[in-house]
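Here's the structure we're looking at; comments come further down.
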Number of protein chains: 2
Amino acid sequence: MSHHTWNYQDALRAQGYRVTPQREVLMDLVCAARHRPTAQELLAAARARGATLDAATVYRNLKFLTERGLLRAVEQGGVARYELAGPRAGHHHLICRGCGREVEVAGEEAEALFEALAARTGFRVTSDHLVLEGLCPSCAEDARS
Amino acid sequence: MSHHTWNYQDALRAQGYRVTPQREVLMDLVCAARHRPTAQELLAAARARGATLDAATVYRNLKFLTERGLLRAVEQGGVARYELAGPRAGHHHLICRGCGREVEVAGEEAEALFEALAARTGFRVTSDHLVLEGLCPSCAEDARS
DNA sequence: GTAATTGCAAATTATTTGCATTCCT
DNA sequence: AGGAATGCAAATAATTTGCAATTAC
């Protein structure tokens, strides 16, 4: 399956690593997921899809793929969740603690904010994926009752 | 020991909860800690200090104290770390991934940033404690070699 | 006295590691 | 072939839960 816009397979092979079915199923699942899956969710999903793989393999590969820059790990609620890193721009998420809805913010939008921080503290933020909590417009509305 | 500027004991008693020695030792330790301690660190520290308490009690109370707004939990590197919440303003941290140094940013400083986000997305950020990663001035310098 | 809390032990959940075997390239 | 990667099983580590015993108020 090579429906990915980016061919990570060759990138790996070029570095002497192998493209195993386990790695492919993980990449496919992370790619197809609507929300960021955890290692456990990926294991279950992979098996549901008929793949044969062990939890240890999932953990080893998520770490491997993250180190190679193909995936990105985000801590959320104590567990690690994964998403495609790929060759695209960083971005951030706003999670509404009212309805759980998630809004994405382009990296550039946030850059301006980080600029301001850098100017004031000299500290350059490199996080390319923040998860901010707050209230979305509609829940903010409800909160007034 | 009531060296805390804020008397949380009465606040608890007023709500029908008890002030146990275990709870006090936890509050004292979090208060005295230089860096945010984890549940395990608190357990060890409490015992080193001669206190008698179980891991389950530590977890139960950290959760309890956090729910009552006395402590605040921050996820960092997969584990929960705690700090005093108290009646003070929220703030944020910048952690340098070069030297590990930590810089604190007052809540007001960041408010401006959140304002900008709200204006653009309608989303109001309520996180009162972000942990941003980046490079401090001195490490940014070294990175150029 | 009595309900809130604790301790202890056992159960969960997430993740890691050693090692022999398998399988990409 | 030959090293990379997997599976399996066992080891950690962090956290949770049931329940009887304890204790703060």
Side-chain angles (χ1 to χ4, degrees), chain A residues 1-2 7-30 36-47 49-68 70-71 73-82, chain B residues 1-2 7-30 36-47 49-68 70-71 73-82:
Chain A
M1 220 177 277
S2 63
N7 183 301
Y8 64 89
Q9 287 100 333
D10 289 344
L12 286 185
R13 275 191 274 257
Q15 306 226 249
Y17 299 113
R18 295 181 185 171
V19 177
T20 64
Q22 297 67 350
R23 281 178 184 170
E24 290 196 291
V25 93
L26 286 177
M27 285 299 282
D28 279 354
L29 287 171
V30 173
R36 291 180 281 277
T38 63
Q40 295 295 327
E41 287 168 356
L42 287 169
L43 174 60
R47 284 180 170 166
R49 186 183 268 215
T52 301
L53 81 180
D54 190 75
T57 302
V58 172
Y59 285 105
R60 271 190 292 234
N61 278 324
L62 289 177
K63 185 178 178 186
F64 171 86
L65 294 168
T66 298
E67 285 169 343
R68 301 273 135 8
L70 299 182
L71 295 184
V74 186
E75 291 288 350
Q76 215 175 301
V79 277
R81 291 184 167 279
Y82 297 83
Chain B
M1 217 176 277
S2 63
N7 183 303
Y8 64 89
Q9 287 100 335
D10 289 344
L12 286 183
R13 275 190 274 254
Q15 305 225 249
Y17 299 113
R18 295 181 187 171
V19 177
T20 64
Q22 292 78 341
R23 282 179 183 168
E24 291 196 290
V25 95
L26 285 177
M27 286 298 283
D28 279 355
L29 287 171
V30 173
R36 288 181 283 277
T38 62
Q40 295 295 329
E41 286 168 356
L42 286 169
L43 174 60
R47 285 180 169 164
R49 185 184 270 218
T52 302
L53 81 180
D54 190 76
T57 302
V58 173
Y59 284 105
R60 272 190 294 233
N61 278 323
L62 288 176
K63 185 179 178 187
F64 170 86
L65 295 168
T66 297
E67 284 168 344
R68 301 274 136 6
L70 298 182
L71 295 185
V74 186
E75 291 290 349
Q76 217 175 300
V79 276
R81 290 183 168 279
Y82 299 83

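Note that the structure is a prediction, hence the values are computed from the model and not measured. Because only heavy atoms are used, hydrogens play no part in the values below, and waters and symmetry mates are left out as well, while side chains stay in.
The separation between B:Arg60 atom CZ and C:dG7 atom P is 8 Å, rounded to whole Å. Taking atom OH of A:Tyr59 as the reference point, atom P of D:dC8 lies 17 Å away to the nearest angstrom. A:Leu43 has its CG atom 15 Å from the C1' atom of C:dT16, to the nearest Å. Atom CG in A:Asn61 sits roughly 15 Å away from atom P in D:dA4 (whole-Å rounding). Taking atom CZ of residue A:Arg47 and atom C1' of nucleotide D:dC8, one finds them 11 Å apart after rounding to whole Å. Between the CG atom of B:Leu26 and the C1' atom of C:dG7 there is a distance of 15 Å, given to the nearest Å. Computed from coordinates, the A:Lys63 NZ to D:dT6 P distance equals 14 Å when rounded to whole Å. For the pair B:Leu53 CG and D:dT23 P, the interatomic distance rounds to 14 Å; values are reported in whole Å.
Distances were taken from every side-chain heavy atom of A:Ala56 (C-beta onward) to each of C:dC24, C:dT16, D:dA5; the shortest belongs to C:dT16.
Taking the side chain as every heavy atom from C-beta outward, A:Asp54 and A:Gln22 never approach each other to under 4.5 Å.
A close approach under 4.0 Å does not occur between any side-chain nitrogen or oxygen of A:Gln22 and OP1 or OP2 of C:dC24. Between D:dA24 and B:Arg13, no contact under 4.0 Å exists linking OP1 or OP2 to a side-chain N or O. Regarding contacts with the backbone of C:dT5, a side-chain N or O of B:Arg23 is found under 4.0 angstrom from either OP1 or OP2. For A:Thr57 and D:dG7, the shortest distance from a side-chain N or O to OP1 or OP2 is below 4.0 Å. Side-chain N/O atoms of A:Thr20 include none lying less than 4.0 angstrom from OP1 or OP2 on D:dA4.
Nucleic acid contact for B:Ala55: none, since no nucleic acid atom lies under 4.0 Å from a heavy atom of the residue. Residue A:Gln40 is classed as a base contact, given a heavy-atom separation below 4.0 Å to a base.
Residue whose closest nucleotide on DNA chain D sits further toward the 5' end, between B:Ala39 and A:Thr52: A:Thr52.
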Checking side-chain hydrogen bond (donor to acceptor under 3.5 Å, both in side chains) for the pair B:Tyr17/B:Arg23: CA distance, chi angles, key distance, verdict? CA-CA 11 Å; B:Tyr17 299 113; B:Arg23 282 179 183 168; over 6 Å; no

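With hydrogens and angles ignored, a donor-acceptor pair closer than 3.5 Å exists between the side chain of A:Arg18 and the base of D:dA4.
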